[in-house]
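First comes the structure, then the notes that go with it.
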Amino acid sequence: MMGLRLNIMALLLHLSLMLASTAKGQSIFDITTYGAKPNTDITQTLANAWKDACTSTNPSKLLIPTGVYQLNQSILHGPCNSSIEVQMEGTLQAHPDPIGAGLVLFQYIDQLTVSGTGAFDGQGKGCKKNDTHLNKICNELPMNVRFSSITNSIVKDITSLDSNYFHINLLSCKNVTLQNVTIIASENSPNTDGVHVSRSEEINILNTQISTGADCVSVGGTNKQIVITNVTCGPGDGISIGSLGKYTKEREVTGVAVKSCKLINTWNGVRIKTWPDSASAYTASDLHFEDIEMVNVSNPIIINQEYCSSNQCNNKIPSKIKILNVSFKNIRGTSATSVAVKFICSKDLPCEGVEVADIDLAYNGVEGQTTSHCVNVIPIITGKQNPRACVEATPINPPSTTD
Ligand SMILES: *[C@@H]1O[C@H](CO)[C@@H](O)[C@H](O)[C@H]1NC(C)=O
Ligand SMILES: *[C@@H]1O[C@H](CO)[C@@H](O)[C@H](O)[C@H]1NC(C)=O
Ligand SMILES: *[C@@H]1O[C@H](CO)[C@@H](O)[C@H](O)[C@H]1NC(C)=O
Ligand SMILES: *[C@@H]1O[C@H](CO)[C@@H](O)[C@H](O)[C@H]1NC(C)=O
Ligand SMILES: *[C@@H]1O[C@H](CO)[C@@H](O)[C@H](O)[C@H]1NC(C)=O
Ligand SMILES: *[C@@H]1O[C@H](CO)[C@@H](O)[C@H](O)[C@H]1NC(C)=O
Ligand SMILES: *[C@@H]1O[C@H](CO)[C@@H](O)[C@H](O)[C@H]1NC(C)=O
Ligand SMILES: *[C@@H]1O[C@H](CO)[C@@H](O)[C@H](O)[C@H]1NC(C)=O
């Protein structure tokens, strides 16, 4: 009697797990079975479903089916008991009130997958650049999706729309791949960087399309082994290493490879930017840009060690960030301004080991050719050179005697 009952219970348990599991053996946690309904706020429901999915000892899948769901800033944190996938087929939409309207912070999770054809919609309207009061608020606005202390994880296929501030932020992550992601914001929305990476290592950003009002991808301080491949940017501000040196706690940046990317109508192309009078002093090395196509880009190739937004710094004190071992290879297309190659290196710490090879950038304007402008750098130049980089041969200034 007892044995039979146990057998039936085992069979029922087995059946129910089979019904709610995928080919990969994941247990499924569908937010609609937790009561989530399209066009309602699902903040509490999502939290409940996440708790069950995260504590599952089987690999789990949190499913957000097709539909638009409203969400308040949510923290989905681990550690979880097994690998976890968040499959987004629907849209998670922030409330339109700009303050506090970030969407999701994923934190302390190993083996996370975020997948699906759905979207994170921040409903950001964009701050107006000419309004100083709003601009202050702009810098305090929330990001659409944050990944903090995430390891061995993949984010794929999803879309991020109209963030109020950065779209996707990776902080203290290791071995995370973003691929086939789409990021869209208005050209008139400042600080809506597509992907910002800091304090991370082994990050891959692949096969992604980014249109925003700010940097397409920005690599901040304390990073290593960052690979950016087949990313299409524009409109926006191009692919940027930096700005570096604004904060005291920043450390070395090493190993950034940007390859096979296309920039269309961006204000900058591939760029390294550091603050003068830097709050920290370290090396940024092994930074490589290769096989890049430019379409009407305003500053296609640029190192700027006097980067200073909104006059927040003293331009007279040279940058304390040492730029070392950088290459720009096979960069082609059109420049919207005549100065297609601009290297403004630090007076105290001239750039070293800069290689420029096979550059072919035509001026998109009415008359003339592209030119270059170089300060405190003597690059190694090979292959085709249009413009010829650093012809004016500005001597490297002796280091200043002041500290
Ligand atoms: C989310 O925010 C909206 C608008 O501020 C509010 O009406 C709703 O109650 C919040 N939901 C939760 C679960 O906090
Ligand atoms: C699940 O993870 C929690 C938190 O890490 C841990 O306390 C718990 O023992 C784990 N449960 C199982 C069954 O492994
Ligand atoms: C890329 O993402 C889109 C949109 O989510 C999806 O339709 C497409 O199948 C994905 N492509 C690949 C190669 O996975
Ligand atoms: C400033 O922004 C407002 C709001 O978008 C706009 O109406 C106004 O024309 C702008 N003023 C200037 C000087 O750009
Ligand atoms: C990086 O993460 C991926 C995805 O989880 C995993 O397959 C791979 O083994 C990880 N690599 C290392 C070196 O741990
Ligand atoms: C580059 O990325 C696009 C999506 O943005 C994709 O369609 C294309 O197949 C990728 N190319 C390669 C060579 O992977
Ligand atoms: C090229 O870029 C300039 C400056 O951003 C812009 O004014 C112009 O309209 C662009 N030209 C084309 C053909 O897109
Ligand atoms: C810079 O490049 C030189 C020559 O290739 C190499 O010896 C040196 O180790 C590199 N330094 C860094 C910090 O990458």
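Counting from 1, the numbers follow the sequence of the chain as shown. Whatever order the structure lists them in is the order used to number ligands and atoms, beginning at 1. The analysis underlying the following values was restricted to heavy atoms, covering all of them including side chains, and did not include hydrogens, waters or symmetry mates.
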query: Strictly under 4.0 Å, does any heavy atom of T55 approach an atom of ligand 2?
result: no
Salt bridge or not between [X] and [Y]? Use side-chain N to carboxylate O under 4.0 Å.
X: K384; Y: D358; value: no
X: K322; Y: E352; value: yes
X: R271; Y: D215; value: yes

- prompt: Residues two or more places apart in sequence or in another chain: which of them pass ring-ring contact (aromatic ring centres under 6.0 Å, His included) with F120?
  reply: none
field: Any residue meeting ring-ring contact (aromatic ring centres under 6.0 Å, His included) with W275, in chain and number order, not counting sequence neighbours
entry: Y307
- request: For T274 and Q305, test the side chains for any donor-to-acceptor distance below 3.5 angstrom and give the result as yes or no.
  value: yes
field: K61 versus Q87, side-chain donor and acceptor atoms under 3.5 Å
entry: yes
query: Could an N or O of ligand 2 be found under 3.5 Å from any N or O of T57, whether backbone or side chain?
result: no
Report each N/O pair between ligand 6 and the protein that falls under 3.5 Å, naming both atoms.
residue, atom, partner, partner atom, Å
ligand 6, 2 (O), N230, ND2, 2.3
ligand 6, 11 (N), N230, ND2, 2.9

- prompt: Backbone or side chain, does any N or O of N175 fall under 3.5 Å from an N or O of ligand 5?
  reply: yes
- prompt: Any N/O of N152 closer than 3.5 Å to an N/O of ligand 5?
  reply: yes
field: Residue pairs passing the ring pair (Phe, Tyr, Trp, His ring centres under 6.0 Å) test where at least one lies in residues 182-237, sequence neighbours excluded
entry: F166-H196
